[in-house]
Every structure is written in C-alpha cells, then in structure tokens.
Amino acid sequence: MNVEVIDSLLSTLTPSQREAVESIDGPVAVIAGPGSGKTRVVTVRGAYIATKGIPLRSILALTFTNRAANEMKERVCDILDRCGFTFDRSEILFSTFHSFSLWLLRRFADRIGYRNDFSIVDENDQKAIINEILKGTGIDSKFSVKRLVEIFSAIRCNINDYYEIEYSNLPCDEELYEIFESYRSYLFKHSLMDFDDLLLNTLMLFRDHPSILNWVRNRFKYVMVDEYQDTNRVQYYIVKNIAEEHRNICVVGDEDQSIYSWRNADIRNIMDFEKDFPDAKVIFLKENFRSTPFIISVANAVISKNSMRRWKVIESVKTGGSKVKLYEAIDERDEARFVVSKIKELKRPYRDYAIFYRTNYQSRVFEEELIRERIPYVLVGAFRFYERKEVKDVISYVRFILNLDDLFSLKRIINVPNRGIGEATFRLIMERIEQGMDVMSALKSLLSSPLLTVTRKQGIKSFIELIEYMRERVNVFAPSEFIAELLERSGYKKMLEEDGTGEAYSRLENIKELLNVASEYDELEDGLRYMIDRITIATSVDNYRESDCVTLMTLHSAKGLEFPVVFIAGVEEGLIPHSLSEDSYEIEEERRLFYVGITRAKDELFISYCKRRSVYGKLKDSKPSRFIKDIPDKYLEFIKLEVPSKVNSKSTSKRDSDDSGTIRRGDIVEHPIFGLGSVIDIYGSGDSAKALIRFEKVGVKLIALSFANLRKL
DNA sequence: ACTGCATAACTTTTT
DNA sequence: GTTATGCAGT
C-alpha cells in the first residue's frame, strides 16, 4: 500500500476537512455548508478508514439516493486503487437506507412474521391499494387518497420511541384508524411492504431480535450517514441502534439544507446529535469553494433569519464576481423572456445555465420561450421510466409470478392483455381466496364453475398455464430471457404490436429498454428478484447533462448540484414561501429551499419575481417574496430589460450544432405541422425510436422519429 | 367492457 | 389552464 497517496490527498484538505477525515473513532458530526467539499470529505474518509487497517466490510455508508451511493463508492474505490490497496469492491456497503433495509429483510423478514420473498409497493401502488380498501369497505373518507398516503407515512415515520413502534401515533379518528389498519393488514396479508415498512420493519427486527442486531453492530463498526438532515425518525433509530455499541458514527449534513420535512425528514436528528452522543465532536465546514462572494453574502443574509439552526456563517473562498441581479417582471411571460434574453446575452455554453422554480407548472412558460428562441433544454425529474404503465405491467407480472400472494399485482395484470376476466370474474376469484383457497386453486376451481361462459374459462385457463409455465422457469431463465418469454407467452407483446397506435409503439420501445435493463442482471444469482427490487426502489437514470442544454428543474431537485449561472424564478409570496406553508416552521423550510437555490450558483445568480401571474388560468397580483427583503441592497443590482429582447432573435447561438442528425433529449426540432418543439424524452432507438416533444403551440406530443419529418435546428 | 364527457384538483417527490 | 378521474351511456 502506498501511504504517500493518501497523505498527499490529506494535505490538499483544509484543516477542518482534514479533521473530519481523520476523526474516525467516536461520534462525529460534520456540519457541511453548501459547496464545502462534503462529498470529498466523505469519500476520502471512507478510504482513510480502510488504510488504517479496518476491513472494508466493517464500513457502512448510508445515503438517500442510489446515485449518491454509487458515486461515493466509485470515488472511494478510486482512491484505494490509487493507493495500490488491494480490496474486493463487493465488500464495500455504500447504500441507501432503503436498500440496506431490504438487504437485511431479504434474509430475516421471516423473523418478524413476513415471508423473505415479500414484494415492495411504490407510491402509486399504495394509492391503488387504498382506493381498493375504500371501495371494499364503502368508507367515504374525508381525506383524498393522496392525503391518506401522506398521513399513513407520517404516522409510521414520526415515531418517538422505538420500543413502541406499533402503538405510538395512531390516529384518534376512528375512520382513519380503520383505513389505516385495513391498509396495514392488506400489505401484510399479501406479503407486501411499502417504503416506510422497509425501514420500520428493520427497526422491529432490531428490537425483537437482539442477536441480529448484535450481528449487524459487529459487522458494521464504522457507520457514516450522508445528508443526515434529511433522515426521518425511523432512520434515526436505525442508525442509532447500529452505532450505539461501537460508537464510530459520522453523520454529515447541514440543517440549513433540510428541505424534505414534508417527507417526514426530522431536523431534530441533526440538531440534537450532541445530545444523543454527548462525547460527539462537531466539525463545521464553513469554507465555500463554489460561489463568488456576493452570492455567499446573499445566502448568509437569507438563512440567518432562520431560528432553527446552529449559528454559522459560510465564507467564500473565491474572489471577484458580480452582485446578485434582481429583476421585476410584469408577468411570467416577461420573466421567461428576461431569462432567455440573459442566456443569449451571456453567450456561455448552454450547459452552464440552470433555471429553478418552486412548482413544476412554472416550467411551461420557460419551455415555450426557450423553444421560440431555439435554445435546447432539459427538464429534470419530469419523466420516470419505471412509472410508465407498460413497465409497471411487466413488473407486476414478475412480482405475481415470484409471489403468488401479491394479489395486488395479479389484479393489475390478470386481464392485460384482455382475457375476458373483468371486475365480476375477478371478484369470484377473490371470494374463493377469502374462503381459504390459494390463488392457483381458486383460478382452477373456476374452470369447472357453472357461473362462467366457455370463453371466460378459456381466458382463465391460458392465464393459469402461463403462470405455471413461467414459475417453473424462474430459476432456469436469465432475467432478460425470462421477461422476453413472458412478453411472448402472455400475448403482451402481440397486444401492443397489433394496436398499431403511436402510443403502443413507444410502449414496445420502453419494453425493449426494460429488457436491456434486465440483461444487466443476467449474470447474477437470483437476478430476477434482485432486478425487481432495484427497479422498485430506484428512480430514473439521470443522464441529463450529457448534451449542451439549459437545465430546468424545481428547487428541490437542485439540491446537491451546481451551475455557473443560476436563475431563480417566481420568487414571490405564494410561491416561495408557498401559500400552503403557514406556520413559522414551514416558512423556515421555504427559506432553506431558497437558500439551497442560491447556493447552487457558482458565478452568477439572477433572482426574478412577477407583479402579475396567472394561476390556474386566473390573473393574480403578486408581491415579491419576503425573503428578498432580507437581502441588503448592497449585494443586489436591480436590472431592467434594456432592449426589447427581440433584437437578434435569430440564433445568437454559437452552439456547435451536432450535424450527425441524431435527435437527442433537449434538441430543438421543427415539425412540418406542429412547428417548433423541444425534445423532452426519447424512447427506443433505431427506426422505431419515438420522441416526446413539447411544441411551442400545441403542447406535448409523441412522435415517431422515422415517420415524422423532423428538422433539427 | 369500452368511450366520452363532466368534474374536481392542483407544492415539493431522494426511496 | 391542464390533467386525471369518475360516472353514465352504448
């Protein structure tokens, strides 16, 4: 092992960064301001621990996104490689809370009464299940299904004492209680866990099985948690349980960047770290390597108005830069014109710019304006591959095949493609199951039932045969073969092929893409199961920065990113802070959200607000956000749109247009009928590729690239 | 079982 | 203003 490499790496760190890296024994909290090199500290620290002779498998790093986990793991491996350190990559466990819980529960769920091959339901599944319960019980709830999902999540995330997991926080409202209990028993009965269950059941496992907890404690003697300010109460107890004995815990976070309390993140976790671990060392990373001084001054001015925070001021390491620009727009159209004209004026590569807004609907006017000016852009977070209907259908098939108790998945796919098994027939099946039959027997019993016509029976028969055939092949076929076979045998593929509509076409493409994903699991043991798990707890791929595009996203999505030039739009009362935020606690979170936006900017920051804005089709007067008043004028430059922005409307863009003719995400294209549009997403490839395009005039359409005569601009 | 029209809803969204 | 949802009608 080459110690010099790690030594020279350490010498590039600031004293406080270095202290954070080198404090590996005992509890440590690293309060890492924006742009303070947090990721670097975490990764170097991981490698540093390993070079101190601690086995890699003793290190557990928990994050919130798969992206962060993978990125950090890569970087740690990289450092270790450079040190000439020999190690096995698979020994390193950098994972999200949810994957970690899943990893444990796949082994031990049976200890808490579950089956080890339970399935996982996502948020849409939760809604569907609750809907079913409401219909089944006839309860006409005063809460929307969406709200119920939130309430149930809050009930289970905000526990105060993990020895009373099941009993704390139950709803007093009788009706609510009934729906909640029905929901829980529905999941349990069908061997399903939602995202919250994964965490909560891990905690139960720890509580009820000290031997397992002990095993976990001794396996993971060094624990790191990233984005600690975003942990919820259950996650907090999980961490605490694991780290309590060896006490080598390092949490990294920044309460000023906590913006997910609406998802039950609890700021107390990071604020009270010293109370939980009285011998904790608290290290502040205050130097900011990202932004120019005016931006930092504005950020400090804004965040200093919050009371729920440790007192700290971030310091800019950079020099130079200009004041933060403030623009008062007439309405949102004017605001978009302003932003677009600035983008053209500054003449930077498009990838340098980001436009942030509070709510997704605000993106529209920016999109229209960017299309008009032929500026390529990408919308981040708008479309999710795994939430598409066809992908979910296939997953439901696999889930049911793997777990016959997963009647929820069964319901989704039993009549797709159409087998003549509608609502009524399905109810017959359910009745039989409720009488104690298992699914397959229930289905079979219907074949001899006088209640059904011959064609119905035929449909059921073919379904039974399909499932039995596929079940026999779960461990025979590789995941991609398995799914291909399933698509053929079920007639799903045929159904789409015969449909012939553009929509069906793009679905076929998505399914091909799913097969691609599946083939990545072909070599793995239990690959099919593993793949379904990963897909359910993963979100879409984020390759949005591959081409030279302006980036559009919500302030929430912006966390963790940085851009040379940032526009924050719609900084008005009612948007930031949002009108649904009422109490001071919520207002503080809104302020943090604004702070997160500000601190993404490296060189230039533009803040804008409108005097008028149309909300749901109605024009309303707007006032600048109270947060703007918190910024001293001396850091600001008030600007006006000098020239009517039409001047050089035609392409100031010195974008090296890519002549390959390939159409990619973000490209601006012209359609013979629909006119100018921007490519939001591409499905499939080759002749059958399809593009989702937002047109300036006619909205979003799905276009087959080989048929439509699109001209790339 | 599917189609079409009226009606409600609508902040953010790491897993 | 747009989009998803639900109910009535074929």
Side-chain angles (χ1 to χ4, degrees), chain A residues 62-71 95-102 120-128 131 134-135 144-147 149-150 153 157 193-199 226-227 229-232 234-235 257-265 332 356-365 380-382 384 386-387 415-416 418-426 455-456 459 533-540 542 553-561 570 574-582 586 589-590 592-594 596-597 613-620 698-700:
Chain A
L62 295 169
T63 63
F64 277 83
T65 65
N66 290 300
R67 182 173 53 137
N70 296 333
E71 229 171 76
S95 91
T96 64
F97 276 94
H98 290 84
S99 343
F100 172 71
S101 298
L102 185 59
I120 306 164
V121 295
D122 68 15
E123 213 173 292
N124 291 320
D125 300 336
Q126 287 183 282
K127 286 183 193 158
N131 253 319
L134 292 178
K135 272 195 201 129
S144 67
V145 173
K146 190 178 166 233
R147 184 83 193 100
V149 171
E150 285 168 11
S153 184
C157 290
M193 290 192 201
D194 63 23
F195 290 141
D196 297 323
D197 286 330
L198 288 174
L199 303 174
D226 187 31
E227 306 282 16
Q229 77 281 356
D230 290 332
T231 47
N232 66 34
V234 177
Q235 290 162 329
Q257 293 180 71
S258 160
I259 54 175
Y260 283 104
S261 78
W262 51 277
R263 253 184 122 126
N264 304 306
E332 69 269 21
F356 300 154
Y357 35 80
R358 178 64 229 264
T359 65
N360 274 312
Y361 72 76
Q362 286 173 262
S363 74
R364 246 197 68 184
V365 61
V380 174
R384 293 196 205 189
Y386 298 121
E387 280 178 12
N415 204 29
V416 186
N418 198 326
R419 298 185 178 91
I421 309 172
E423 190 70 37
T425 315
F426 189 74
T455 41
R456 291 261 168 83
D533 282 349
R534 284 291 299 276
I535 283 179
T536 321
I537 60 177
T539 28
S540 59
D542 29 323
M553 63 175 120
T554 63
L555 284 162
H556 281 91
S557 316
K559 199 176 83 171
L561 304 175
L575 280 171
I576 320 177
H578 197 274
S579 49
L580 295 179
S581 306
E582 286 166 344
E586 289 170 320
E589 177 142 321
E590 296 287 310
R592 292 193 288 267
L593 190 54
F594 187 41
V596 164
R613 173 179 294 277
S614 48
V615 186
Y616 305 134
K618 286 215 163 59
L619 263 186
K620 293 213 164 134
V698 293
V700 179

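Hydrogens, waters and symmetry mates play no part in the numbers below; they use all other heavy atoms, side chains included. Labels below follow one simple rule: chain letters A, B, ... track the order of the sequence lines, proteins then strands, and each chain is numbered from 1.
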Engineer: Looking only at side-chain N and O atoms, does A/Thr554 come under 4.0 Å of OP1 or OP2 in B/dT13?
Structural biologist: yes

Engineer: Assign A/Glu590 to base, sugar-phosphate, or nothing according to its heavy-atom contacts below 4.0 angstrom with the strands shown.
Structural biologist: base

Engineer: Using ring centroids (six-membered ring only for Trp), state whether A/His556 and A/Trp262 fall under 6.0 Å.
Structural biologist: yes

Engineer: Can you check whether A/Arg364 has a side-chain N or O nearer than 4.0 Å to OP1 or OP2 of C/dT2?
Structural biologist: yes

Engineer: Select one nucleotide: of B/dT11, B/dT13, B/dT14, the one nearest the side-chain heavy atoms of A/Ser581.
Structural biologist: B/dT11

Engineer: Considering only B/dT14, B/dT11, B/dT13, which nucleotide approaches the side chain of A/Leu580 most closely?
Structural biologist: B/dT11

Engineer: Would you indicate what A/Tyr361 reaches in the nucleic acid, counting non-hydrogen atoms under 4.0 angstrom: base, sugar-phosphate, or nothing?
Structural biologist: nothing

Engineer: Please tell me which of the listed nucleotides, C/dG1, C/dG6, B/dT13, lies nearest to the side chain of A/Asn131?
Structural biologist: C/dG6

Engineer: Nearest to the A/His556 side chain among B/dT13, B/dT11, B/dT14, which nucleotide is it?
Structural biologist: B/dT13

Engineer: Among the candidates B/dT14, B/dT13, B/dT11, find the nucleotide nearest to the side-chain atoms of A/Asn360.
Structural biologist: B/dT13

Engineer: Name the nucleic acid region contacted by A/Asp196, choosing base, sugar-phosphate or nothing; use a 4.0 angstrom heavy-atom cut-off, strictly under.
Structural biologist: nothing

Engineer: Give the intermediate values and the outcome of side chain to side chain donor-acceptor pair (under 3.5 Å) for residues A/Glu332 and A/Ser614.
Structural biologist: CA-CA 8 Å; A/Glu332 69 269 21; A/Ser614 48; 2.6 Å; yes

Engineer: Is A/Glu227 touching bases, backbone alone, or none of the nucleic acid, heavy atoms closer than 4.0 Å?
Structural biologist: nothing

Engineer: Give the nucleotide from the list B/dT12, B/dT13, B/dT14 with an atom nearest to the side chain of A/Arg358.
Structural biologist: B/dT12

Engineer: Of A/His578 and A/Lys559, whose nearest nucleotide on DNA chain B comes first from the 5' end?
Structural biologist: A/His578

Engineer: Do any side-chain nitrogens or oxygens of A/Ser614 fall under 4.0 Å of OP1 or OP2 in C/dG1?
Structural biologist: no

Engineer: Against A/Ile120, only a single residue in A/Asp194, A/Leu102, A/Asp125 fulfils side chain to side chain contact (heavy atoms under 4.5 Å, CB included); can you say which?
Structural biologist: A/Leu102

